[in-house]
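A quick write-up on the structure given underneath.
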Amino acid sequence: MSAASDWAGSPSPSGILLLGLGNLLLSDEGLGVHCLRRLETGYRFEPPIALIDGGTAGVELLQLFRDHQRIVVIDALDGGQPPGTVSVIRDEAIRRALEVKLTLHHLGLAEVLALLDLLDERPAELVLIGVAPQRLELDLELSPGVAAAIPAVITTVEAVLTGWGVQVRTRPPDSAGYAECY
Amino acid sequence: MSTKRICVDPVTRIEGHLRIDCDIRDGKVVDAWSSGQMWRGIETILIGRDPRDAWLYTQRICGVCTTVHAICSVRAVENALGLEIPLNAQLIRNLIMAAHGIHDHIVHFYQLSALDWVDVVSALEADPQATATLAQGLSNWPNNSAAHFAEVQERIKKFVAGGQLGIFAHGYWGHPAMKLPPAANLMAVAHYLEALEYQRRANRIVAILGGKTPHIQNLAVGGVANAINPDEQSALNMERLAYVRTLMDELGGFVREVYLPDVTAIAGLYADWLPYGEGVTDYLSAPDFPRDAKGTDFGMPGGYIPNGDINQFHPLTHFGDPYFERNVKESIKHSWYQGDWTRSPYAEDTVPHYTDFNEEGAYSWVKSPSFADRPAQVGPLANVLAMVAAGHEGTKRYLDQALTRIAAITGSAVPMTALHSSLGRHAARCVRTQVLYDMLLENYDALIANIASGDYTSFNPPVFPKGEQMGFGFHEAPRGILSHWIVIGDGKIKNYQAVVPSTWNAGPRNQDDARGPYEAALIGNPVLDEERPLEVLRTVHSFDPCLACAIHLHDNQRQRVIRVSSV
């Protein structure tokens, strides 16, 4: 069982959260969740971290953010760059960027950050890994350009987590026990 | 006097993209148009798939209502197959639904709509002692102390002094229609913060029973996937159930001692608003919280009430009730789809055909549903009226409490007809939350008793015969009646339609050009300042719009404004 499956409201002991956002029904809109699933099934993290598929949730994310000190969010990020471009935005810059509508889940993430400000409980570190989408049509598959960017996203996630003292290792394919359904 | 057109696009503090146009004359709304600005096409993605998986997709339609689309979907398939589910499964689903509903109603009132009535800036001027006196007169909630209110006020002052209003940035502070005294504003702001603490307890109940949140994992066509064993570590056992009970107890205090007093106090202090926002008074709701495997006995009744007259109540009595099945239709006369038809959801198609906003023609991605050929209002008000009509004791008691509390502030009796209003929708939502809390208690006790009797079953495997089956499931979701309609052919999905609550309420004019509930409710609303149409938001927000599922899935490119600053 992955760390994510254990989350029924309790934080990971490491205080680190990896959150994938997006709508799986809208092609590249769901890339954050696609990346998260890849990380969940193919990798092991030591110490364990929480991996959460946040979908398109908004206020529900608040508690997750309060329960963790260091957070990586993966989401679609439309900044006019070529599709598949991976960018990394940290801490205060995320707030500034959200003010001009940044990720496609602007509403949820921006609101959650604003509520955290109000509660005076911002996480110690917050990193947004964004990928420029190509297609936002009704489709369960990623566009080829964005699918090709997943390894770069994973490398970026590894780099961020390594900086936080987490060892990221690949998991032998047969031990995952997980069939990628839709 | 001349007529002015205002266009609110997008309506803020809702999920999804909604545009509202109003014609204003002599300070009042004289006409209105509700336009969903996103296209929903979930139906097209489901065709050809396995009906057992449909719920996994439908719960992705919207980030707010994941649970309700999941439950409604499995009910639709079970109805098509004539499949009963074990009592334990019914009770576990009920607990999830009740906890989710309470969560949703609390978040709607405090986080999504209270700021239409509550002035945060005015709260900064309040005297904490006067606030405590006011709040203690309303309830025994332990945090209603002068010290706590002073602490909250300091926190907000610091927040505002930081130069950023953040979450409060888009409020209409100082608007002449904001009329609460500073003490009431401070009380409400303090409870806004506390609501953030308590909604999460409801959410945690969903997570424990559903395996995960925001997307629950425990559903299955035929029941639930929870293994039940009082003694086993990995199953739904007594330890986990005891934790659910603790969370329920904590949640109950907020529901009874904060939410109800707050809503009724605000309604009482805004008594001059009680006449506004009536609109469509044909009401439709679903019975829910089944107490038996079949779905014939319900903890919360529902049905159809034409003309706002509870004496004409027609109950829905069981899952699959043909009275519902034959009366629901959707029209696309004023929607951006190919053709012009009014059809049963079984026979619909979803072929987009976008033209520009044309108020005489098509102007929305939302279809226009009708019941018995007329628009119907759905939501907690429809549900509460149906429960009163059905003689539901708990509902009558909580409604009486609410109206008595409002009357204590206004100084004169408040009749039930006052519920046909924007404030009435808030009051009804709060009354419904009290009943939902009773459902949480009732279903918890029933589950414990059933497990104690030795029944651990939670799943009946579905069998898909050759040929075609049709069915629908309904669920009284937080925003009103939700129905999923499915046609199965040789074990695969042949057609699928979701008729969602915000479609009923946000729908454009129908096949006979009758206004939808949002549109009708806006007529006669005062608008003091066309530049800051707070009153329009009050009425639209009172329905708890959630356009993400009414009309998913994405913004028209024309509307999409996404830019990135240099970082």
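Numbers restart at 1 for each chain; the letters A, B, ... are given by sequence-line order, proteins then strands. The basis for the numbers below is simple: all heavy atoms, side chains too, and nothing from hydrogens, waters or symmetry mates.
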- prompt: Could A/Asp91 and A/Arg122 be called an ion pair, given the rule that one side-chain N must be under 4.0 Å from one carboxylate O?
  reply: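 No.
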
message: In terms of relative ring orientation, are B/Trp365 and B/Tyr354 parallel, tilted or perpendicular, with 30° and 60° separating the classes?
response: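 Parallel: the ring planes of B/Trp365 and B/Tyr354 meet at under 30°.
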
- request: Measure distances from B/Ile156 to the heavy atoms of chain A and classify the residue's part below 4.5 Å as side chain, backbone, both or neither.
  value: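 The answer is the side chain of B/Ile156.
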
query: Relative to B/Tyr198, does B/Arg201 satisfy both conditions: NZ or CZ under 6.0 angstrom from the six-membered ring centre, and within 45 degrees of the ring's axis?
result: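 Yes; both conditions hold, so B/Arg201 lies above the ring face of B/Tyr198.
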
field: Segment of A/Asp139 engaging chain B (4.5 angstrom heavy-atom cut-off)
entry: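 For A/Asp139, the backbone is the part near chain B, not the side chain.
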
- request: Go through the atoms of A/Arg90 and report whether side chain, backbone, both or neither lie under 4.5 Å from a heavy atom of chain B.
  value: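 When you check distances to chain B, no heavy atom of A/Arg90 falls under 4.5 Å.
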
query: Are the side chain of B/Thr66 and the backbone of B/Pro214 linked by a donor-acceptor contact shorter than 3.5 Å?
result: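 Side chain of B/Thr66 to backbone of B/Pro214: a pair is present.
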
